[in-house]
Amino acid sequence: MAGYGFLGFLMLGLAALALLGSVLLWILGRSARRRSQEVQAKVVENIRRRGARGQPLYFPMLEFQWQGETRRVESAFGTSWEQYQPSEMVTAYYDPQMGRMTPKPTGRLGAASLALFALALLLMVGGSLFIAAQLGLV
C-alpha cells in the first residue's frame, strides 16, 4: 500500500506529459490543415523508392494547376502498392509554403493527438485512484 502514492504521482506526471504532447500534435495538425489548399490533380506516374527496410514504396507524382501555372509535385506519402494509376484524377491537398502535396488529407497527427489524449485521461484516472487509495479515501 505504501508504494501506491508514488505510483499515483508518477502516473499523474506521465498524464501531464501525454496531455502536453496531445495538444502540441493537435496544434501542428491544425496548422498544416489550414495551410493546405484542395486541388484537382492528375497522377502522372508512380515513383518507386525503397523504404527503410528495403521494401518498395510508391509515391504518386501529381500534376495540377496552381495560380495559372502547371506544377508537378511528388506526394509526401507513399504506399506499398500503386494506390493510384497514371492519368487518374484525384483530389489532392497542396501546401504552398512547404511545397508538399498529399493525395488525401492525412489524419496521422489527429489520430496520434487523440490517442495521447485518451492515454492522458487513463493515466489521470489511474493516478488519482492510487493517490486516493493511499490517503484512505477509496
Side-chain angles (χ1 to χ4, degrees):
M1 225 36 188
Y4 287 145
F6 173 75
L7 185 58
F9 283 111
L10 178 66
M11 289 176 75
L12 288 178
L14 291 173
L17 289 175
L19 189 59
L20 177 65
S22 172
V23 169
L24 288 175
L25 286 175
W26 180 76
I27 289 170
L28 287 173
R30 185 174 164 196
S31 173
R33 283 189 303 274
R34 279 190 174 166
R35 287 191 318 259
S36 296
Q37 302 288 322
E38 184 176 306
V39 295
Q40 290 300 312
K42 181 173 84 173
V43 178
V44 179
E45 66 178 307
N46 286 300
I47 299 171
R48 185 177 182 197
R49 301 195 188 288
R50 293 274 175 205
R53 290 181 246 151
Q55 78 278 18
L57 293 174
Y58 298 92
F59 295 83
M61 175 67 72
L62 302 170
E63 182 177 87
F64 61 100
Q65 293 292 318
W66 184 257
Q67 297 178 345
E69 65 181 58
T70 301
R71 292 197 180 182
R72 281 188 175 198
V73 177
E74 183 180 325
S75 172
F77 299 103
T79 58
S80 58
W81 70 98
E82 292 186 49
Q83 185 174 7
Y84 302 102
Q85 299 305 314
S87 300
E88 184 177 348
M89 294 299 291
V90 296
T91 300
Y93 296 87
Y94 178 61
D95 182 349
Q97 287 181 345
M98 302 295 283
R100 298 174 94 193
M101 171 76 79
T102 59
K104 55 186 167 185
T106 58
R108 292 177 181 170
L109 289 178
S113 175
L114 186 60
L116 277 176
F117 183 75
L119 178 64
L121 286 178
L122 290 172
L123 286 169
M124 276 192 263
V125 169
S128 298
L129 287 174
F130 278 126
I131 292 172
Q134 181 66 29
L135 296 174
L137 301 174
V138 177

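The figures here come from the full heavy-atom set of this structure, side chains too, leaving out hydrogens, waters and symmetry mates. Index from 1, following the sequence.
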Trainee: Using atom types as modelled and distance alone, determine if a side-chain donor or acceptor of Ser80 lies under 3.5 Å from a backbone N or O of Leu57.
Mentor: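 Side chain of Ser80 to backbone of Leu57, a donor-acceptor pair under 3.5 Å: no, none is there.
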Trainee: Hey, can you tell me if Trp66 and Tyr94 have their rings parallel, tilted or perpendicular (30° and 60° cut-offs)?
Mentor: perpendicular
Trainee: According to a hydrophobic-cluster definition based on side-chain heavy atoms being under 4.5 Å apart (Ile, Leu, Val, Met, Phe, Trp, Tyr only), do Leu135 and Leu10 belong together?
Mentor: no
Trainee: Working to the nearest 0.5 angstrom, can you tell me the gap between Glu82 CD and Phe59 CZ?
Mentor: 12.5 Å
Trainee: Measure from the side-chain N and O atoms of Ser128 to the backbone N and O of Met124, and report whether any donor-acceptor pair falls under 3.5 Å.
Mentor: yes
Trainee: What distance separates Arg72 CZ from Lys42 NZ, expressed to the nearest 0.5 Å?
Mentor: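 Arg72 CZ to Lys42 NZ: 7.5 Å, rounded to 0.5 Å.
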Trainee: Is there a continuous path of hydrophobic side-chain contacts, each under 4.5 Å between heavy atoms, that joins Leu123 to Ile131?
Mentor: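 As far as the 4.5 Å side-chain criterion goes, Ile131 and Leu123 are not connected within one cluster.
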Trainee: Kindly work out whether a path of hydrophobic side-chain contacts (I/L/V/M/F/W/Y, heavy atoms less than 4.5 Å apart) joins Leu137 to Phe9.
Mentor: yes
Trainee: Could you measure the distance from the CD atom of Glu74 to the CZ atom of Arg49? Nearest 0.5 Å is fine.
Mentor: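 These two atoms lie 4.0 Å from each other.
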Trainee: Can you list the steps and then say if Thr70 with Glu63 is a side-chain contact (heavy atoms from CB on, under 4.5 Å)?
Mentor: CA-CA 7 Å; Thr70 301; Glu63 182 177 87; 3.6 Å; yes
Trainee: Any chain of hydrophobic side-chain contacts (each under 4.5 Å) joining Phe117 to Leu25?
Mentor: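 Different hydrophobic clusters.
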Trainee: Return yes if some donor-acceptor pair links the side-chain N/O of Thr91 with the main-chain N/O of Gln40 below 3.5 Å, else return no.
Mentor: no
Trainee: Considering non-hydrogen atoms only, spot the tightest contact between Asn46 and Tyr84 and give its length.
Mentor: ND2-O, 2.7 Å
Trainee: Does atom OH (Tyr58) have a neighbourhood of more than 12 heavy atoms from anything else shown, all under 6.0 Å?
Mentor: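 For Tyr58, atom OH is crowded (more than 12 foreign heavy atoms under 6.0 Å).
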Trainee: Can you tell me how far apart CZ (Arg71) and CG (Leu62) are? Round to the nearest 0.5 Å.
Mentor: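 Reported value, rounded in 0.5 Å steps: 13.5 Å.
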Trainee: Please report the interatomic distance CG(Leu12) to CG(Leu17), rounded to the nearest 0.5 Å.
Mentor: 11.5 Å
Trainee: Side-chain heavy atoms nearer than 4.5 Å, only ILVMFWY residues, links allowed to pass through others: does that put Leu19 and Leu14 together?
Mentor: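 Different clusters: Leu19 never reaches Leu14 through Ile, Leu, Val, Met, Phe, Trp or Tyr contacts under 4.5 Å.
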